[in-house]
Amino acid sequence: MKLSFYGGVGEATGANYVLESGGARIMVDCGLHQGSHYAERQNFDPFPYDAKSIAAVFITHSHLDHIGRLPSLVRAGFKGTIYSTGATKDFAELMLLDSQHLLAQEAEREHKPPLYTDEDIMNVLRMWQGLRYHEPVAVGPFTAELFDAGHILGSAIVKVGAEGKTIVFSGDLGNFPAPIIQPTEMIDAAVDYCVIESTYGDRAHENVDKRREMLEDAVEDTVKSGGTLMIPTFAMERTQELLYHLHQLFEEGRIPHVPVFIDSPLAIKLTAVYKKYESYFNQQTANIAKTGEDILNFPGLRLTLTTEQSKEINGVLPPKIVIAGSGMSNGGRILHHEQRYLPDPKSAIIFVGYQAQGSMGRQILDGAKEVRIFGETVPVRCKVMNIPGYSAHADQPRLLEWLEHMRKTLKKVFVVQGEQQSSEVLAGKIIDEMTILAEVPKPKETVEL
Ligand SMILES: [Zn+2]
């Protein structure tokens, strides 16, 4: 069996791996490369393999850096089946349609043709089949099974078997404990090889148990100073986690009632899908949902779907909270709010997720005194806060703990989906502390398993 790494190596985004056995090929993830641009230049390059030769694609979860090149793959002639959980398929439809608009805008600005059209996305969905966790599927010489990755709703770890060997692709693994979804499943089966993510491979999350408290403090401070609290966030999972915690904080009377805007059509639509998959919730959340309580809603919550509604937020006097995408401030409606409130010392911006190198979010987080938004220089005078505990990714101790369950049989671990430094640190730990072979593959490298 051969394994090739076509993306997601030495970088956090662009996951794309191909397995080959006896001339048959399957793929795991087909993600967009993202950084300072919504879509980096590599996304426009032709695939380094023949798309027609791929029999199936297994999708770990619906983040764009795992699904964003599927429409291009279909355009390039892919004729096989796409497999994922049902929730991932539902979310992916919304994510791809939304990204298509952002990509089209970016392409226009850069005088490039758009990466794909709505029609390409419809073609992708026609080839897509939903699976339940642990529902086995066979493709040629391969068998595959999905496990709950605990990263976002519907996220999966993919276990593949062929030629008597087993390989596990972690996809993205979740932080623990996650507010709404189930924890990451441990794989106790005999596994020979593992491809593991390393977004936070070089550090431990601080204050996971304090994240709700930190959010509470940030809201209280901003309300007291009469400013606007901006939360650039991913529409998927993070927005729902914030809603879940704000719901609790309002309910328990821990924060004053102020208007909260979800200024993201995508987040609004994704939140609606959550209701369909309550069976994927963790026990505690499922119990609350069973009582009929809407865990993702509260008085004062306003959903601004249209551009007109979004503009009306400006007319609402602070204090107020605005939750909008994109999560790394490299596009989306958050830019309008940042243009307006970054210069305001009474206001604040909180980061609740990973900020890739080169993104505007990373610049602000790293202390930039000014940033460029819509061709204008915007001074940063508001408070800048970080609540890393909201990360949807496992940290280094959690990644090692997850690997530990497979330790007895593991022959080698491939460390991917992290910045080079982060991947190398995790690989080093695996070698030193677990005495298992580990390496950070090179882009386009092929290894014999
Ligand atoms: Zn992810």
Side-chain angles (χ1 to χ4, degrees), residues 7-9 11-17 28-35 38-40 43 57-70 82 84-85 87-96 98-99 146-158 168-176 178-185 195-201 205 232-242 266-267 270 273-274 277 280 325-328 330 351-357 359 361 388-395 398-399 402 415-419 422-423 426:
V9 287
E11 60 171 344
T13 66
N16 189 210
Y17 315 104
V28 175
D29 286 339
C30 193
L32 205 66
H33 302 271
Q34 296 185 285
Y38 189 73
E40 292 292 301
N43 296 302
V57 184
F58 287 86
I59 294 295
T60 59
H61 65 289
S62 54
H63 277 147
L64 268 195
D65 57 334
H66 294 261
I67 61 169
R69 292 196 80 192
L70 283 173
I82 302 165
S84 74
T85 64
T88 293
K89 185 189 173 188
D90 286 357
F91 287 134
E93 175 173 359
L94 296 170
M95 299 288 277
L96 288 172
D98 180 79
S99 73
L146 306 179
F147 292 72
D148 196 335
H151 168 60
I152 60 173
L153 197 75
S155 63
I157 296 157
V158 184
V168 161
F169 294 83
S170 73
D172 283 345
L173 297 177
N175 194 357
F176 182 80
I180 301 171
I181 56 173
Q182 298 269 16
T184 304
E185 261 187 89
V195 177
I196 191 170
E197 71 125 325
S198 59
T199 312
Y200 288 96
H205 289 319
T233 189
F234 302 104
M236 180 77 227
E237 200 68 22
R238 204 70 39 83
T239 297
Q240 292 77 25
E241 290 179 354
L242 289 167
L266 176 62
L270 291 170
V273 176
Y274 269 64
Y277 291 100
Y280 289 1
S326 75
M328 297 190 212
N330 48 8
F351 292 100
V352 291
Y354 177 76
Q355 305 296 314
Q357 258 171 12
S359 64
Y390 271 107
S391 170
H393 289 271
D395 61 0
R398 185 85 182 146
L399 291 168
W402 182 74
V415 183
V416 300
Q417 290 157 228
E419 284 168 15
S422 188
S423 301
L426 185 67

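In each ligand, atom 1 is the first atom listed, and ligand 1 is the first ligand listed.
- A donor and an acceptor atom, one from each side chain of Asn175 and Tyr200, are nowhere located under 3.5 Å apart.
- Residues passing the ring pair (Phe, Tyr, Trp, His ring centres under 6.0 Å) test with Phe351: none are found, sequence neighbours excluded.
- Looking at residues two or more places apart in sequence or on another chain, you find a side chain to side chain donor-acceptor pair (under 3.5 Å) between Gln417 and Tyr17, Asp172.
- To the nearest 0.5 Å, atoms CD (Glu197) and OG1 (Thr60) are separated by 9.5 Å.
- Partners of Ala156 according to the side-chain contact (heavy atoms from CB on, under 4.5 Å) rule, which considers only residues two or more places apart in sequence or in another chain, are Thr85, Tyr133, Leu146.
- Neighbouring protein atoms of the Zn ion (ligand 1) (N, O or S, distance under 2.8 Å, waters ignored): His61 NE2, His63 ND1, His151 NE2, Asp172 OD2.
- The aromatic rings of Phe91 and Tyr277 lie tilted to each other, with the angle between the two planes from 30° to 60°.
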